[in-house]
Amino acid sequence: MRGDSIPTPPRSVAVAVFCGSRFGHHPAYKEAAENVGATLAALDMHLVYGGGDVGLMGVVADAAIQGGGRVTGIIPQFLEAREVMHRGVTDLIVTDSMHTRKQKMFALSDAFLILPGGFGTFDELMEILTWRQLKLHDKPILILNVQNWARSLIATLDDAMTEGFASPEARRLVEVVPDVESAFIRLKSLLPCMSATVEAGGMDKF
Ligand code: AMP
């Protein structure tokens, strides 16, 4: 049989999760991170994240690993110790810089889910959003607004539009969802390739 006639199995949908290297004050943040990791695994979706074992980053990775999911961690060498490189992930990629890390996370992912986080999370969101605004990609970006943690961030995005610095089309390139279930329902409608994995996983609610 010729190699090119062998059907390749469908690739699972990969979601990059950007989130805090701390837990944040509200227990709902950790619960949402656990729920996201567990749901990704249950739906046979691939988690791509920053490779650390700290804060919500560690929580989302642990939950996906516990659920038997595929997890790729991407961490720059200089952060290996500070963010406690996670040794339990399926694939660990150590990069030479932050830029390579973000580039690899972007290249491997079909969509981006922003969980509660701090400045690093904001940076990751803004870079992926501005790349989309510049039409360098057209992958969905969702902010998971657990406990309304992102209210000021969302207001800033809105202000950029109302003050005339971003078009309404650009503002629509990032969506806000209130909870984990809404995030996966929205991802399913934005990523038609997700339907097969959802059905196979028996997750009827999505
Ligand atoms: P934080 O939201 O500040 O807890 O950071 C979350 C993740 O973003 C961590 O993995 C940080 O290493 C990463 N991060 C911090 N600063 C940057 C940056 N300038 N560019 C990209 N990622 C960053």
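What you are looking at is a predicted structure, and each value in this text was computed from that prediction instead of being measured. Numbering of ligands and ligand atoms starts at 1, following listing order. Atoms considered below: every heavy atom in the structure, side chains included; atoms not considered: hydrogens, waters and symmetry mates.
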Asker: Does Gly120 have a non-hydrogen atom less than 4.0 Å from ligand 1?
Answerer: yes
Asker: Return the closest protein heavy atom for atom 22 (N) of ligand 1 as residue, atom name and distance.
Answerer: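 Of the protein heavy atoms, Met98 CE, 3.4 Å lies nearest.
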Asker: List every atom of ligand 1 that sits less than 4.0 Å from any heavy atom of Lys102, numbering the atoms from 1 in the order shown and giving each element.
Answerer: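 With Lys102 as reference, the close atoms of ligand 1 come out as 20 (N), 21 (C).
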Asker: Among all the protein's non-hydrogen atoms, which is closest to atom 21 (C) of ligand 1, and how far away is it?
Answerer: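 It is Asp123 OD2, 3.1 Å.
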Asker: Between Asp179 and Ser182, is there a side-chain donor-acceptor contact under 3.5 Å, judged purely by atom types and distance?
Answerer: yes
Asker: Taking atom types as modelled, is there a side-chain donor on Thr39 or Asn35 under 3.5 Å from an acceptor on the other?
Answerer: yes
Asker: Taking 4.0 angstrom as the limit and counting only heavy atoms of Gly20, give me the atoms of ligand 1 inside it, by number and element.
Answerer: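 Numbered from 1, ligand 1 contributes 2 (O), 4 (O).
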Asker: Below 4.0 angstrom from a heavy atom of Glu124, which ligand 1 atoms are there? Numbered from 1 as shown, please.
Answerer: 7 (C), 8 (O), 13 (C), 21 (C), 22 (N)
Asker: Where is the nearest protein heavy atom to atom 11 (C) of ligand 1: which residue, which atom, and how far?
Answerer: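 Nearest neighbour among protein heavy atoms for atom 11 (C) of ligand 1, to 0.1 Å: Glu83 OE2, 3.0 Å.
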Asker: I need the nearest protein heavy-atom contact for atom 6 (C) of ligand 1: residue, atom name and distance, please.
Answerer: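 Heavy-atom neighbour on the protein nearest atom 6 (C) of ligand 1: Cys19 O, 3.2 Å.
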Asker: For Leu79, take its heavy atoms, then give the atoms of ligand 1 lying under 4.0 Å from any of them.
Answerer: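 Those qualifying, in numeric order: 12 (O).
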Asker: Below 4.0 Å from any atom of ligand 1, is there a heavy atom belonging to Glu127?
Answerer: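 Outside the 4.0 Å threshold, so no.
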Asker: I'd like to know whether the aromatic ring centres of Trp131 and Phe106 sit less than 6.0 Å apart in this structure.
Answerer: yes
Asker: Does at least one non-hydrogen atom of Gly51 fall below 4.0 angstrom from an atom of ligand 1?
Answerer: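 No, Gly51 has no heavy atoms under 4.0 Å from ligand 1.
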Asker: May I ask you to list the residues sharing a hydrophobic cluster with Val54, side-chain cutoff 4.5 Å, ordered by chain and number?
Answerer: Val84
Asker: Is there a polar contact between ligand 1 and Gly117, counting only N or O atoms under 3.5 Å apart?
Answerer: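 Min N/O separation from ligand 1 is not below 3.5 Å for Gly117.
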Asker: Taking heavy atoms and a distance under 4.0 Å, where does Thr121 meet ligand 1: side chain, backbone, both or neither?
Answerer: both
